Amino acid sequence: RMESFERCAYAHFLRYGLRLMERQEYDVEAADMGNLYHAALELSFRRLSEQGLELRDVSEEELEGIGRAAVEEVSSEYNGSIMNASARNVFLKEKVGRITRRTLWALRTQSRKGSYRTLSCELPFRLRDEGLELHGRIDRVDVCDDSIDTYVRVIDYKSGRTRFDLSLIYHGLQMQLITYMDAAIGEARRRGKGGRVLPAGLYYYNIDDPVVSYETAGEGDGAEDRAKDGILSELRMNGLTNSDPDILKSLDEDLGPESTATSGVVPVRLKEGSIVPSSSMVCGTEGFLRLMERTEKRIKDDTRDILSGDIDIR
């Protein structure tokens, strides 16, 4: 909502003030596909939690079964069983199933590289301040406990091609992940063992099932492994990583910067083969805290403007 206000106060007024919306039609559109991906992933993690399992602990076969069952369950209940209403929708349901299973496979492979456990999926939060009650859901919060500190990682699933962009954060058009981190740190403190709670990374995971070229995979021995590595490379998360060496090691045992950042936010070359893109944004803990402070101030300023009646077209 705040990002919508930053784009155009008048568009924000039409949507949240007058509550205008398009006439609903009995059809499956891009937003429905995104809803199904989120619901299927949330249900898959819930099933793992009910069995006392971490994503990293299950075999590929078990995970595929969990993903298949989750997609079937959420599809059968979605919008009056619309996913079974036509041959087109059945095809789309099968696509959701295939991509959900691919996503779970990639997330499992990525999780095995680090030392994180899932604290919560679809974590609800509320941030209250004068004239403001901001609420939402965080797709996934992971934590890692070392001997002293707790590190927090936030992951947001996107069915599009969203990229982490500092210029959008600066202009208030991409405040979601930063706000999530603020809320996730508070939740980790409530559930934690004491000590410091530090931001480790905030990431977008773009839900997809990429195709690897023949040139990448090659042929003969190892072609299948090269193809999987190529797919994993396409499915790496993008976002902001804490440059603290201990935190880097907790995220990925093979991850280490060729140069580091202790303050500010800078692009840094990271080792290939990581869960984080080889050219990523990194900053120290101080940089994370400054971003969160700036975003919090921006949200408060926007709240005052909304309450003062700002509906200018821009």
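Treat the numbers as computed from the prediction; the structure is a model and nothing was measured.
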Which heavy atom in [X] sits nearest to a heavy atom in [Y], and how many Å separate them?
{"X": "Asp244", "Y": "Asn242", "result": "N-OD1, 3.0 Å"}
{"X": "Leu119", "Y": "Arg191", "result": "O-NH1, 3.2 Å"}
{"X": "Met33", "Y": "Val28", "result": "SD-CG1, 4.2 Å"}
{"X": "Thr241", "Y": "Leu248", "result": "CG2-CD2, 3.6 Å"}
{"X": "Thr109", "Y": "Leu232", "result": "CG2-CD1, 3.6 Å"}
{"X": "Gly67", "Y": "Ser44", "result": "CA-OG, 3.9 Å"}

Test your reading of the model: is there a side-chain donor-acceptor pair from [X] to the backbone of [Y], 3.5 Å cut-off?
{"X": "Glu6", "Y": "Asp302", "answer": "no"}
{"X": "Asn89", "Y": "Ile82", "answer": "yes"}
{"X": "Asn206", "Y": "Thr162", "answer": "yes"}
{"X": "Arg101", "Y": "Gly97", "answer": "yes"}
{"X": "Ser81", "Y": "Ser76", "answer": "yes"}
{"X": "Ser111", "Y": "Arg108", "answer": "yes"}
{"X": "Tyr26", "Y": "Gly80", "answer": "yes"}
{"X": "Asp139", "Y": "Tyr157", "answer": "yes"}
{"X": "Asn238", "Y": "Phe164", "answer": "yes"}
{"X": "Ser250", "Y": "Ile247", "answer": "yes"}

How about [X]: does its [atom1] atom have over 12 heavy atoms from other parts shown lying under 6.0 Å from it?
{"X": "Arg196", "atom1": "CZ", "answer": "no"}
{"X": "Glu25", "atom1": "CD", "answer": "no"}
{"X": "Arg314", "atom1": "CZ", "answer": "yes"}
{"X": "Phe91", "atom1": "CZ", "answer": "no"}
{"X": "Arg47", "atom1": "CZ", "answer": "yes"}
{"X": "Glu219", "atom1": "CD", "answer": "no"}

Approximate separation, where rounding is to 0.5 Å, of [X] [atom1] and [Y] [atom2]:
{"X": "Leu291", "Y": "Glu286", "atom1": "CG", "atom2": "CD", "result": "11.0 Å"}
{"X": "Arg56", "Y": "Leu63", "atom1": "CZ", "atom2": "CG", "result": "13.5 Å"}
{"X": "Thr100", "Y": "Ile207", "atom1": "OG1", "atom2": "CD1", "result": "7.0 Å"}
{"X": "Ile178", "Y": "Ile169", "atom1": "CD1", "atom2": "CD1", "result": "4.0 Å"}
{"X": "Arg163", "Y": "Lys158", "atom1": "CZ", "atom2": "NZ", "result": "13.5 Å"}
{"X": "Asp32", "Y": "Leu36", "atom1": "CG", "atom2": "CG", "result": "7.0 Å"}

Review point. Does the side chain of Ser308 come under 3.5 Å of the side chain of Asp310 through a donor N or O and an acceptor N or O?
Key: no

Review point. So, Ser75 and Asn84: side-chain donor and acceptor under 3.5 Å apart, yes or no?
Key: no

Check your understanding: Using the benzene-type ring in the case of Trp, are the ring centres of Phe125 and Tyr180 under 6.0 Å apart?
Key -> yes

Hey, does [Y] have a side-chain heavy atom less than 4.5 Å from the side chain of [X]?
{"X": "Phe288", "Y": "Leu198", "value": "no"}
{"X": "Leu55", "Y": "Gln110", "value": "no"}
{"X": "Leu48", "Y": "Glu54", "value": "no"}
{"X": "Arg226", "Y": "Val212", "value": "no"}
{"X": "Val152", "Y": "Pro199", "value": "no"}
{"X": "Cys283", "Y": "Leu240", "value": "yes"}

Exercise for review: Assess whether salt bridge (Lys or Arg N to Asp or Glu O under 4.0 Å) is satisfied between Asp301 and Arg304, documenting all intermediate values.
Suggested key: CA-CA 5 Å; Asp301 291 344; Arg304 282 194 294 271; 2.2 Å; yes

**Study point:** Pair Gln51-Glu62, side-chain contact (heavy atoms from CB on, under 4.5 Å): steps then yes or no
**Key:** CA-CA 12 Å; Gln51 299 174 45; Glu62 290 175 307; over 6 Å; no

May I ask you to decide whether [X] forms a salt bridge with [Y], counting only side-chain N to carboxylate O separations under 4.0 Å?
{"X": "Glu94", "Y": "Arg98", "result": "no"}
{"X": "Arg190", "Y": "Glu187", "result": "yes"}
{"X": "Asp209", "Y": "Lys95", "result": "no"}

Practice item. Report the relative orientation of the aromatic rings in Phe5 and His12; use parallel for angles under 30°, tilted for 30 to 60°, perpendicular for over 60°. Key: perpendicular

Exercise for review: Walk me through it: do Tyr205 and Thr103 pass the test side-chain contact (heavy atoms from CB on, under 4.5 Å)?
Suggested key: CA-CA 9 Å; Tyr205 177 93; Thr103 299; 3.5 Å; yes

Could you state whether [X] and [Y] fall into the same hydrophobic cluster, counting links through intermediate Ile, Leu, Val, Met, Phe, Trp or Tyr residues with side-chain heavy atoms under 4.5 angstrom apart?
{"X": "Met2", "Y": "Leu173", "value": "no"}
{"X": "Val96", "Y": "Trp105", "value": "yes"}
{"X": "Leu127", "Y": "Leu307", "value": "no"}
{"X": "Tyr203", "Y": "Leu168", "value": "no"}
{"X": "Ile306", "Y": "Tyr10", "value": "no"}

**Study point:** Passing option when Phe13 is tested against Ile313, Ile311, Asp312 for side chain to side chain contact (heavy atoms under 4.5 Å, CB included)
**Key:** Ile311

Practice item. Could you please spell out the steps behind the salt bridge (Lys or Arg N to Asp or Glu O under 4.0 Å) verdict for Arg161 and Asp208? Key: CA-CA 9 Å; Arg161 303 300 303 170; Asp208 197 7; 3.5 Å; yes

Practice item. Decide side-chain contact (heavy atoms from CB on, under 4.5 Å) for Leu107 and Arg140; before the verdict, give the C-alpha distance in whole Å, the side-chain angles of both, and the deciding distance to 0.1 Å. Key: CA-CA 11 Å; Leu107 292 174; Arg140 188 169 130 212; 3.6 Å; yes

Exercise for review: Carefully, step by step, assess Lys93 and Glu72 under the rule salt bridge (Lys or Arg N to Asp or Glu O under 4.0 Å).
Suggested key: CA-CA 8 Å; Lys93 181 177 76 170; Glu72 195 60 44; 3.4 Å; yes

Practice item. Begin with the C-alpha distance, continue with both residues' side-chain angles, and end with the deciding distance and a verdict on side-chain contact (heavy atoms from CB on, under 4.5 Å) for Arg102 and Leu235. Key: CA-CA 10 Å; Arg102 173 66 75 195; Leu235 292 176; 4.1 Å; yes

Point to revise | Glu64/Arg68 under salt bridge (Lys or Arg N to Asp or Glu O under 4.0 Å): CA gap, chis, key distance, verdict | key: CA-CA 6 Å; Glu64 181 157 331; Arg68 195 180 298 277; 2.9 Å; yes

